[in-house]
Protein chains: 2
Amino acid sequence: MHARHGVRWEGKNIGTVDRKKQVLEAASRSFALFGYKATTMDQVAKIANVGKGTIYTFFDTKEQLFDEILHGVISEMKTIIQREVDHDKTFFDNLFRVLDSLLEFRSEHELLMKLSQEVRDVGTPQSQEAMNQVESVILAYIEKEIRHAIAQHELRDCDPGIVSFLMFKMYVALTSEWNKNHEPLTKDQIKEHIRLFLEDGLAVHA
Amino acid sequence: MHARHGVRWEGKNIGTVDRKKQVLEAASRSFALFGYKATTMDQVAKIANVGKGTIYTFFDTKEQLFDEILHGVISEMKTIIQREVDHDKTFFDNLFRVLDSLLEFRSEHELLMKLSQEVRDVGTPQSQEAMNQVESVILAYIEKEIRHAIAQHELRDCDPGIVSFLMFKMYVALTSEWNKNHEPLTKDQIKEHIRLFLEDGLAVHA
DNA sequence: TGCATGACCACAAAACAAATTCAGTCATAA
DNA sequence: TTATGACTGAATTTGTTTTGTGGTCATGCA
């Protein structure tokens, strides 16, 4: 249990395990596996191989620890978006590449799925708030891109607020709500239906 | 309170109030106003100006009374659909006329809104089941119409199950989910956005 | 001397018990 | 004969005890 005092440098342990990272990793796994409420600080300490008090040298409260992890997830999403969006390409090109990358990220999806389940089943305020934050980040991104695409005359002139909301709801419907009564859809099915509704329209035009 | 003994004919009271109708009306108003759980049989009896025992001469249980009202609502929806759908007209013509009529029906919407709120807030099994029934009736209708429209080459060849699901989710998003964070949309805004996504597509085509 | 630690505490949330509500019955009265 | 509302007990709600958990801090090890 006393694995500290490796070589030290600028206050951080080198050559021995980074305790903060250990805690973050343990907490991430626990939050994704059990949700916010069912994750106890004792459990996190145990998984991280760290005394409980140690957690509180890095994080003031359970909620702050959670926020840090959540912001990590949100940052990662923003990073993905920034990496994939290239304004020399078309709106739909960018959209589908972002979608592709986003659909790959199991680890993030696991946390978010668990949190949305927790919202439905117990209504934990922290998980509710977390989902709201994630939703508003995504909506803000979509809305910004829609405005840009309208300015470029790539999209029809529409209300970006309503349209981004609908696009998001469509994504949620395809990736999680559909699964409540049916076999999950493949990545390609999801993309194909988003394309159908957004790009082409359902109607056969003359 | 003793308003019976009117003229009788084939076992029904004539010239005095129809007690069954009174009960149904009272129960309808109460279910729409307070939901399933918060509606008590004593209350229904009071509103209907009828002794509680009388209700049980017409309906075996509270649940059966509720089912009868729900099936009334569902029948009315089916009637509206049958009245508005004309297979000589296009899929979208029919869709928008049905949408128009459906959006008019305050009384049905009130019951369904109350029930879906009850599902969220308390999770009453009866209201959950009711919403499921309504959903599956609507989905079945949309799916049937989509199959027909595909056969007529009015719609692209797509999966009717997934597409009807998405259309329904879109409708719910626009008519109720949007209202949680924004001012409600007008009927025309709702129709215009459904048209945008389904008929035209968002993209500006060359 | 400094820092990780886990026993410890206060308090929030289960678990349980007591009180109340309400669906459904039935003896009564009109 | 039939509508009725007082009545019953199962199910829910409310109030109380017990348990579990977030957060602290005196201790001991390096």
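Just so it is clear: chains get the letters A, B, ... in the order the sequence lines come, proteins before strands, and each one is counted from 1.
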Using whole Å, report how far [atom1] of [X] lies from [atom2] of [N].
X       : N      : atom1 : atom2 : answer
A:Tyr56 : C:dA4  : OH    : P     : 16 Å
B:Lys46 : D:dT4  : NZ    : P     : 14 Å
B:Phe34 : C:dC22 : CZ    : C1'   : 16 Å
B:Asp42 : D:dG5  : CG    : P     : 10 Å
B:Tyr36 : C:dA23 : OH    : P     : 8 Å
A:Phe59 : D:dT21 : CZ    : C1'   : 19 Å
A:Met41 : C:dC9  : CE    : C1'   : 17 Å
A:Asn49 : C:dG6  : CG    : P     : 10 Å

If the cut-off is 4.0 Å, is B:Lys37 near the phosphate of D:dT13, judged by side-chain N/O to OP1 or OP2?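 Answer yes for this pair, as a side-chain N or O of B:Lys37 is under 4.0 Å from OP1 or OP2.
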Is A:Arg147 paired with A:Glu143 through a side-chain N to carboxylate O contact shorter than 4.0 Å? yes
Of the nucleotides D:dC7, D:dA3, D:dG22, which has the atom closest to the B:Lys52 side chain?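 That would be D:dC7.
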Heavy atoms under 4.0 Å, any strand shown: does A:Thr40 hit a base, just sugar-phosphate, or nothing? sugar-phosphate
